[in-house]
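Here is how names work: the chains are called A, B, and so on, in the same order as the sequence lines, proteins then strands, and each is numbered from 1. Any value given below was found using the heavy atoms of this structure, including those in side chains, with hydrogens, waters and symmetry copies removed.
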Amino acid sequence: MYRYGRGIRFLSFTSMVNKTKWDPIESLELNHPTLVLLEKCSSRDHFRQILGQMMRIGLIGETFPMSRLISYSAVSHPENLDMSILLFTYFTPHPNLFIYKTMISALSFSFKQAYVVYQSMLRSSIWPEKQTLLYLLKAAKHVSAAKQVHCHAVVMGLVSYDYFLNSLLKMYMNNGKMDLACKVFSCRSSSDVASFNIMIVGHVKKGNSLEAIKMFREMVDSGLEPDEFTISGLLVCCGHLADVRLGRSVHAWMERRKHISSSNLVLGNALLHMYVKCKEIELGRRTFDALRVKDIISWNTMFEGFVKVGDLESARSLFNHMPCRDLVSWNSLICSYAQNDDLMMMTKVFKDMVAENVMPDTVTMTILVAVAAEVGELNQGRWIHGMVVRMGMKINAFLGSALINLYWKCGSIEKAFVVFRDITEKDVTVWTTMITGFAFHGYGRKALELFSEMQEEEMPNKVTILAVLTACVHCRLVDEGLELFSSMKENYGIEPGIEHYGCLVDLLGRSGRSTEAKYVIDKMPMKPSRSIWGAMLSNCRAHGNVEMAEIAWRELLKLEPEKEGGYVLLSNIYAANNKWNFSDKIREVMESRGVKKTAGCSSIVVDGVLHDFVAADKRHPRWLNMQSIIYFLNSEMRLHPDFPEDFWVPFMETC
DNA sequence: TTAGGGTTAG
C-alpha cells in the first residue's frame with residue numbers, strides 16, 4: 001500500500017473512506033483525494049474521523065495536505081477553527097505561504113491573533129504578497145490596526161494594489177479618518193471608479209450627503225463614467241437629503257442607460273427606497289410595480305413607504321399580501337403600531353410573530369423597550385429586559401441605549417447605570433443617554449465625570465454636548481457649562497446650534513445673570529427660538545426681573561401669539577411683584593385674544609390605575625401622605641452634595 | 001464597493 005509513495009497513500013486512503021475503487025493513474029495530483037474527502041466532510045465528527053485516519057497513515061505534518069486541511073476546516077467550516085489552530089500550531093512544522101495566508105484569513109475576527117501569525121511568518125523569512133496583507137487588513141477592526149498594516153504595505157512595496165488600497169480607504173472612511181482616507185485616495189490609479197464609489201458611499205453613511213455629491217461631480221469631471229455602485233450611493237444620498245428633484249434626475253440618468261437600469265433588483269430597490277425616504281409614495285408605488293422581480297427587501301421597503309406617509313391601512317394590506325415575511329417585515333409592522341401609539345395592536349402583532357415561530361431579535365426588543373420608556377411602563381420594560389436576558393441576547397448599543405433610557409426615565413438611575421456598565425460595545429448614543437440620565441436626575445458631577453471618561457473611547461457629538469450642558473443647567477454648574485460651551489468648536493469641532501445657545505441662555509438666566517443671557521441672545525448667529533425666549537421669561541420669573549421679563553414676553557408673543565405659556569408666566573411675574581393690575585391686564589389680553597390656559601398635568605400608573613395631578617391639586621385621597629413624602633425628599637436632597645442649596649426651594653413652594 | 005427594520009436631545 002505504501003510502496004507507491006505519498007500520492008498513492010492518499011488515493012488508497014480515499015478509496016478506503018469512499019468504498020470505491022480509485023484509479024491511481026487517473027488522478028495523480030497529490031491534493032485531489034484530500035479535497036474530495038474534505039468536501040464530503042459534513043460534520044465536525046466526520047472531520048475528526050478523517051483527521052484521525054490521516055494521522056494513522058502518517059499524512060499529518062506534510063505541508064501540502066496540511067495546507068488543504070487548514071484551509072477547508074478554517075475557511076469552509078468555521079466551526080472547526082479551533083482544530084485548524086491546533087493543526088497549525090502543533091502539527092505543521094514547516095508552514096508555507098499558503099498555510100500562513102489561510103490562517104491569517106481564518107483569524108479575521110481577531111487582529112491580535114492574525115498579527116501573531118503574520119509576525120511568525122516574517123520570522124520564518126516568508127514574505128507576504130498582496131493578498132496576505134489584504135487578509136490582515138480585513139482582520140483590522142480599528143484604525144490603529146489598519147495603520148499598522150498600511151505601514152507594512154508601504155515597506156513591502158505593495159501599496160499599488162487597488163483591492164488593498166480600496167479596503168484601506170473604506171476602513172478610514174468608515175472610521176471618520178478623512179485625512180488618512182484622502183491620502184490613500186490620492187494614491188489611486190487614475191481610472192479607479194471603485195475608490196470614488198467608496199468615498200461617495202462613505203460620505204453618505206457618515207451623513208455628509210453634500211460632500212458625497214461634491215465627490216460625484218469630481219468623478220464625472222475627471223472623465224470617469226459612473227457605474228451601478230455610484231448610482232446606488234447617489235440614490236441613498238438623495239434619500240438622506242429628501243431631495244426628490246435630484247433623485248428624479250438620477251432616475252432619468254439611469255433610464256437613459258441600458259446597462260444601468262431600474263430593472264436591476266438592487267438598483268430598483270435603491271430607487272424605491274429613495275422615493276420612500278422622500279415620501280413620494282406614488283412614484284415609489286410605480287417603481288415597486290415596475291420591478292420585474294421583487295424580493296423581500298422590495299416588499300419591506302414599500303411597506304415602510306406606506307407607514308411613512310401614515311397610510312397604515314395600505315401598509316397592513318401589503319403586509320397581508322406579502323409572498324413571504326422575514327424578521328424585518330414583522331419588526332416594521334410592530335414599529336408602525338408603536339409609532340402610532342397603538343400599544344394593543346403592537347403587543348398583538350408581537351404575539352402573532354412569536355406564534356408563527358419568528359424569534360424576536362434585538363431590533364424587536366429595542367422597539368418594545370423604547371415604547372415602554374415612552375409611556376413610562378417600567379414593569380413592561382422590566383419584563384422585556386428579562387426576556388432579553390433569558391434568550392441570551394447580546395445587548396448591543398441600540399438596545400442598551402433604549403434600556404438605559406427606560407430605567408432613568410422611570411426613576412431607576414442605578415439600574416440604568418448597571419445596564420450601562422454591562423454594555424461591551426458602547427457607542428456615542430450609549431454614553432450620551434447615560435449622561436442625560438445623570439443630568440435629569442440632578443447628578444451633575446457624575447455627568448461631567450462620565451463625559452470625561454467617555455472621551456477616552458468615543459468622540460462626543462452635538463447631542464452629547466447638549467446633555468452635558470443640560471447637566472450643568474440642572475445642577476447650576478455655571479462655570480463648567482460656560483467653559484464647555486466656549487470650547488466645543490475647538491475641542492470637538494462642533495459648531496454651537498440653537499439648542500446649545502438655549503442651554504447657555506438657561507444656564508445664565510437661572511443663576512440670575514439675565515443681562516448676560518440677553519447679551520447672548522442678541523449676539524447669537526441665528527434667530528432666537530420661542531424656547532429661548534420662554535427660558536428667559538421663566539428665569540425672569542424665578543428672579544423677579546420684571547423689566548427683562550417684559551422684553552422676553554414681547555418677543556415670545558411675536559413668535560407664538562396663540563400659546564398660553566408666555567401670558568401666564570408674565571402674569572405670574574407681575575403677581576409675584578405685587579403688580580396685580582398688570583397681572584389682571586395680561587389675563588384680560590389673553591381672554592380677548594381667545595387664548596385658553598390648559599392646566600399642565602402629571603400622571604403616574606400604580607398597580608394599573610392612572611393617577612393624574614394638575615398644579616396645586618389637593619384632591620387626591622392620599623394627598624397628606626404625598627405631602628409628607630415631598631417634605632422628606634426635600635430634606636434628603638438638602639443633605640446630598642450634588643444638589644445646590646437653593647435647588648429644593650421650588651419643591652417647597654409646591655407644598 | 002451598492003438596496004430593507006431599531007437607540008439618545010428638543
Pair of N/O donor and acceptor under 3.5 Å linking [N] base with [X] side chain:
X	N	result
A:S531	B:dG10	no
A:D326	B:dG4	yes
A:D361	B:dG6	no

> Just wondering, are more than 12 heavy atoms of other shown residues or ligands nearer than 6.0 Å to CD in A:Q455?
Replying inline: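 More than 12 within 6.0 Å, yes.
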Between atom [atom1] in [X] and atom [atom2] in [N], what is the gap in whole Å?
X	N	atom1	atom2	value
A:L235	B:dG4	CG	P	11 Å
A:I498	B:dA9	CD1	P	19 Å
A:L291	B:dA3	CG	C1'	11 Å
A:M365	B:dT7	CE	C1'	15 Å
A:K138	B:dT1	NZ	C1'	11 Å
A:L271	B:dT2	CG	C1'	13 Å
A:W431	B:dT8	CH2	C1'	15 Å
A:E374	B:dA9	CD	P	9 Å

Over all strands shown, is [X] touching base, sugar-phosphate only, or nothing at heavy-atom distances under 4.0 angstrom?
X	result
A:T470	nothing
A:I296	base
A:K294	nothing
A:A397	base
A:F440	sugar-phosphate
A:S332	sugar-phosphate
A:T433	sugar-phosphate

Does [X] have a side-chain nitrogen or oxygen under 4.0 Å from the phosphate oxygens OP1 or OP2 of [N]?
X	N	result
A:K205	B:dT2	yes
A:H273	B:dA3	no
A:N405	B:dT8	yes
A:K409	B:dA9	yes

Give the nucleotide from the list [options] with an atom nearest to the side chain of [X].
X	options	result
A:K170	B:dG6, B:dT2, B:dG4	B:dT2
A:V201	B:dT2, B:dG4, B:dG6	B:dT2
A:T366	B:dA3, B:dG6, B:dG5	B:dG6
A:N331	B:dT7, B:dG5, B:dA9	B:dG5
A:L466	B:dG5, B:dA9, B:dG6	B:dA9
A:S401	B:dA9, B:dT1, B:dT7	B:dT7
A:V266	B:dA9, B:dG6, B:dA3	B:dA3

>> Taking A:E282 first and then A:R285, would you say they form a salt bridge - that is, a charged N and a carboxylate O separated by under 4.0 Å?
In response: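 Salt bridge between A:E282 and A:R285, a charged N being under 4.0 Å from a carboxylate O: no.
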>> When you compare the ring of A:F229 with the six-membered ring of B:dT1's base, are the centres less than 5.5 Å apart and the planes under 30° from each other?
In response: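 The ring of A:F229 is stacked on B:dT1.
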> Using the ring of each side chain (for Trp, its six-membered ring), is A:F350 parallel, tilted or perpendicular to A:W383, with breaks at 30° and 60°?
Replying inline: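 Aromatic pair A:F350/A:W383 classed perpendicular.
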> Which word best sums up how the rings of A:F288 and A:W299 line up, parallel for under 30°, tilted for 30 to 60°, or perpendicular for over 60°?
Replying inline: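 Plane angle over 60°, so perpendicular.
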>> Donor-acceptor check, side chain of A:N340 to backbone of A:D342, threshold 3.5 angstrom: yes or no?
In response: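 Between the backbone of A:D342 and the side chain of A:N340 there is no qualifying donor-acceptor contact (under 3.5 Å).
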> Is the backbone of A:E313 close enough, under 3.5 Å, to the side chain of A:S317 for a donor and an acceptor to pair up by distance?
Replying inline: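 Side chain of A:S317 to backbone of A:E313: no pair is present.
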> Side-chain contact, heavy-atom cut-off 4.5 Å: A:L504 with A:H500?
Replying inline: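 No. Closest side-chain heavy atoms not under 4.5 Å.
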